[in-house]
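Read through the structure below, which is laid out as structure tokens, and then see the notes.
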Amino acid sequence: MKKILSILAIALIALAVKAQEKSPAFIPQPESVVTKEGSFLLSSNTTVYVPTKFKSDFQPYIGEKLLNDTGIKFQVKSGTRTPASNYILFDLTKDKSIAKEGYQLDVSSQSIIIKANTYAGLFYGFQTLRQTIPVNTESFELPCLVVKDHPRFEWRGMMLDVSRHFQSKEWVKKQIDIFAAYKMNKMHWHLTDDQGWRIEIDKYPNLTKKGAWRADRSGIAWWSRELASPEEPKTIGGFYTKEDIKEVIEYARVRNVEIIPEIDVPGHSKALIASYPHLCCVDSANFEVATGGKAPDNALCAGKETTYEFLDNVLTEVAELFPSEYLHIGGDECNKTNWKKCPLCQQVMKDNDLKDEEELQSYFIQRINKLVTSKGKTMIGWDEILSGKGAQGATIMAWRRNKYTPHIDAPKGGYPTIQASYNHSYIAQVQGPTDMEPEGPKVVLPLWKVYSYEPIPEELTAAEAKLVKGTEACLWGEFTPTESHSEYMLYPRSFANAEVAWSQPELKDWARFQGALEAHFPRLDRDKINYSTSMYTVYAPFAINQLKNEAIVYLETEMVGYDIYYTLNGDEPTTDASKYEGVFKTKPRTLLKAGLFDKKGNLLGKVTEVRLK
Ligand code: ACM
Ligand code: ZN
């Protein structure tokens, strides 16, 4: 009996391994995938059935995506009266075993059934199904399988900064479409900052007439740009009309993406102050929209009632426009130099027993919190809003790290918290060796570091951990002037963020994720997405030993399971070159060229070239 059982166990393991081998490459990894024998042939004879309740959203969306993925125009009908076979059914159920946003996908040889309790669940089941459709083929055989899945976190966010460089609404929609396909569900729209105000506000037309435009300093390093003069033409910028924004919100809604607007105050407000200078503490300064990194006098006066009236009116319009329950008010990096000198700010501090400008910031934030709450919204702020007396009822976006610990303090203080870690999720940072990447902050955030992020700090109790709503990757826009460069920064690192936010931690597997990426790249090529392959770049740190006149070289990549080949004679490396087996020595001044190769001998990514001197 024992023997039979162990044979059975071995057979089951063998089957599981086989199933694993056959499993399509998913990102993010679902909770459970069981492959079965056989396949479903997706063809023009396949009919799709969507719930009547969701017909108006699903019919066009699903038809468009299947056409994109297969080149076939499918019939998408509503209802559940399916034929005997060859159909895809979106089955809206009331099955308590399926979690919110969760789904079950069952592909068998005769039918495909996606079951969920919600629109979101059906939508995500469809995204998983799409990832089983082969690319670059005329015949679409989908492996039979059963997937059961639901997200780990409710907040699976992406932040786009359109202030530093304005991005068209078409491009923003394209990104939302991609985020949604990878099961991310929040798009945090950083709409205002020193370098441009991007949202039309009816009551204050100057915000977009003046605040959306700046003098052209293209080609000059971000942090070296001179301030603009009043006379200079202001030709760089743009803004979204309310109609544009409604269009983007509606587009996102169909994709289960909620848009959270950010109006960043009281700091980062130079574009606002340029439009309405009376909201500054000082009445003579450079009141032009910032052209780059330098933005003096960019804090709103916290001592003037007009500031609060102004923001009340702005936030009323913003709250009316965006259906999200959240309104992000920034609150980060406020330069308080003017507050220290401003008699009105100082008077408010005296009247309210505020001991320093940190407490004045807290006073300001609490007043804004009241305004936001009065509009039926929940305020989100960057973690600086915790300073002073905090902001009861707010949700914290915890970005600072190292000497700050808001990712721990905020949930411990009872605040719902979104982890937007500077160390793991700030994807404006460069993603390969800095001398081989476009200009960016001189910090390297490689793909694996985004992937390895654990959003629940171990210092939290189970109850505190529940306050961590999820994670968000932030693409700050200082160094991404073009749409293609922005995509280069977004992908594939935002897919790593998607897996961090969606998949259970025990499912994360760096080697599997890498394999999945390889399978997804042809889809990104098909969909004209400008992703980066920087994770394949070889890092080549070396040291010169002058005593022995030799260079000692160490080669490394963040990827596992690939081989590095290198040359020392100036030739381009191929798999006929030297295979890297460990640290080696050569003559100083040698030109090293190294690349990473897959098992078929294809070069992945770029070749690293270093003169060893
Ligand atoms: C931030 O990076 N200033 C939120
Ligand atoms: Zn002031």
Side-chain angles (χ1 to χ4, degrees), residues 157-161 163-164 188-195 222 260 262-270 272-273 276-285 290 293 295-311 328-352 354 356-357 359-361 363-365 367 380-387 394-402 404 406-407 410 417-429 440-441 443 445 471-480:
M158 293 297 305
M159 191 207 80
L160 294 179
D161 166 11
S163 171
R164 272 51 181 268
H188 164 186
W189 215 355
H190 186 75
L191 286 162
T192 73
D193 213 301
D194 298 320
Q195 294 81 8
W222 183 258
I260 296 92
E262 180 183 350
I263 304 296
D264 198 352
V265 292
H268 287 275
S269 292
K270 194 61 197 263
L272 189 164
I273 285 170
Y276 293 94
H278 70 282
L279 299 177
C280 191
C281 290
V282 295
D283 56 14
S284 68
D297 306 299
N298 67 345
L300 298 173
C301 178
K304 289 178 184 166
E305 274 311 299
T306 45
T307 301
Y308 301 98
E309 278 160 33
F310 187 95
L311 291 177
H328 197 312
I329 56 79
D332 57 319
E333 298 180 313
C334 179
N335 179 343
K336 304 183 178 80
T337 315
N338 283 342
W339 289 6
K340 289 190 174 54
K341 305 185 291 208
C342 170
L344 294 174
C345 284
Q346 293 301 315
Q347 189 61 45
V348 164
M349 284 169 58
K350 212 162 142 218
D351 294 347
N352 293 277
L354 308 175
D356 57 18
E357 286 72 22
E359 289 203 355
L360 180 57
Q361 152 119 358
Y363 165 90
F364 179 97
I365 294 295
R367 287 196 62 173
I380 302 182
W382 297 106
D383 57 66
E384 285 93 329
I385 72 167
L386 288 172
S387 72
T395 292
I396 305 299
M397 199 160 265
W399 74 280
R400 292 181 300 175
R401 292 297 186 270
N402 307 328
Y404 299 100
H407 55 307
T417 304
I418 299 149
Q419 305 290 18
S421 167
Y422 177 86
N423 285 348
H424 288 92
S425 311
Y426 263 39
I427 57 171
Q429 296 163 4
V443 185
L445 178 61
T471 134
E472 182 166 299
C474 302
L475 180 59
W476 294 103
E478 289 93 336
F479 298 102
T480 43

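Atoms within each ligand, like the ligands themselves, are counted from 1 in listed order.
- Distances from the Zn ion (ligand 2) show that Cys281 has an N/O/S atom below 2.8 Å.
- Heavy-atom proximity to Tyr426, at under 4.0 Å, picks out these atoms of ligand 1: 1 (C), 2 (O), 4 (C).
- Ring centers of Trp382 and His190: at least 6.0 Å apart, outside the cut-off.
- Surrounding CG of Asp351 are more than 12 heavy atoms belonging to other residues, nucleotides or ligands, all under 6.0 Å away.
- Per-residue contacts place Trp476 under 4.0 angstrom from the following atoms of ligand 1 (heavy atoms of the residue considered): 1 (C), 2 (O), 4 (C).
- Listed by atom number, the atoms of ligand 1 under 4.0 Å from Glu333 heavy atoms are 3 (N).
- The protein atom (non-hydrogen) at minimum distance from atom 3 (N) of ligand 1 is Asp332 OD2, 2.7 Å.
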Check the pair Glu333, Arg400 against salt bridge (charged side-chain N to carboxylate O under 4.0 Å, His left out), reporting the backbone distance first and the verdict last. CA-CA 11 Å; Glu333 298 180 313; Arg400 292 181 300 175; over 6 Å; no
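- Tested against Met159, the residues Trp476, Trp399, Trp189 include a single side chain to side chain contact (heavy atoms under 4.5 Å, CB included) partner, Trp476.
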Run the side-chain contact (heavy atoms from CB on, under 4.5 Å) check on Leu279 and Leu311 step by step: do they pass? CA-CA 10 Å; Leu279 299 177; Leu311 291 177; over 6 Å; no
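- The SG atom of Cys301 and the SG atom of Cys342 meet at the Zn ion (ligand 2) at an angle of about 110°, given to 10°.
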